Amino acid sequence: MSLHLSIDPESKKDIAPSVLMPGDPLRAKFIAENYLTDPRCVSEVRNMLGFTGTYKGVPVTIQGSGMGMPSMGIYSWELITEYNVENIVRIGTCGSFQKDIKIGEVIIGLATSTDSNYIHAFDVPGNYSPCCSFELLSKVSQTSKEIGIPFIAGNIVSCDVFYEANPDWWKKWAAMDVLAVEMEAAALYMNAAYHKANALAIVTVSDNFATGDHATIKERQESFTDMMELALNTVIK
Ligand code: HPA
């Protein structure tokens, strides 16, 4: 039984096989209202809104994930195990660790490092490397060329803590060529791997730790549009 999504499990068709997951439920509403044809609200438990409609004729669901791995972990697990979701693309923002990866650039998490204990749920006898789906990566690479929205791909880190006490905390990740920090992708990649679903994280740089830059409201809005178009055109392939 689905505890956190209000969709009737008998009616699996409420949720599309491909789901985009922004952190912010109001962003899910914005994407649904501006990009989908005939969007309808399919989940509103705890105001974590989800919408299903079509994009260029293909059914797509946009479901808020909330912030952090516990929240993403719950929603993505239920989507995959209870609603037979095959593809999940996280879309969100990140903080870049590299001075040459600037505000507004799009990063794809090929793999996610993490400081979280989420992997303990799976009881693996060693270290585990959560990675994205090669199928979705191939599709996003093709889409990027077709619609002219470039991206950088590499290792990102999913962290449990936003407000770190030590201002230099990020430097050792940066030294390992980790591109950026966000807070959800590792849980999504682990859940997808465990249940043999496809996952991808597409994140736009809203902050840069190396330069101290932050996105303006206008930059946030515009860069979000690029990422949404990349994600939508990828999942309908
Ligand atoms: N930390 C974590 N996640 C983020 C950040 C950050 O600084 N910026 C955007 N997403």
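Quick caveat: nothing in here was measured; it's all calculated off a predicted structure. Quick note: numbers below take in every heavy atom, side chains included, and nothing from hydrogens, waters or symmetry partners. Whatever order the structure lists them in is the order used to number ligands and atoms, beginning at 1.
Interface of G95 with ligand 1, defined as ligand atoms under 4.0 Å from a residue heavy atom, comprises 5 (C), 8 (N), 9 (C). Those atoms of ligand 1 that come under 4.0 Å of a heavy atom in F209, given as number and element, are 7 (O). Using a 4.0 Å cut-off to heavy atoms of C94, the atoms of ligand 1 that qualify are 8 (N), 9 (C), 10 (N). Within ligand 1, the atoms closer than 4.0 Å to a non-hydrogen atom of E182 are 3 (N), numbered from 1 in the order shown.
Looking only at heavy atoms of the protein, atom 4 (C) of ligand 1 is closest to V181 O, 3.8 Å. Looking at atom 6 (C) of ligand 1, its nearest protein heavy atom turns out to be F162 CE1, 3.5 Å.
Residues K139 and E146 are not paired through a salt bridge, judged by the lack of any N-O separation under 4.0 Å between the basic side chain and the carboxylate.
Counting heavy atoms under 4.0 Å from ligand 1, residue D207 touches it through the side chain alone. Heavy atoms of S206 found under 4.0 angstrom from ligand 1 belong exclusively to the side chain.
Using modelled atom types, one finds no donor on one side chain facing an acceptor on the other under 3.5 Å when comparing S116 with D160. Defined by atom type and a distance below 3.5 Å, a donor-acceptor pair is missing between the side-chain atoms of T143 and N233.
Relative orientation of the Y55 and Y35 rings is tilted, given thresholds of 30° and 60° on the angle between their planes.
Ring pair F162/W170: centre-to-centre distance not below 6.0 Å.
Across L188, T112, D115, a single residue satisfies side-chain contact (heavy atoms from CB on, under 4.5 Å) together with S158, and that is T112.
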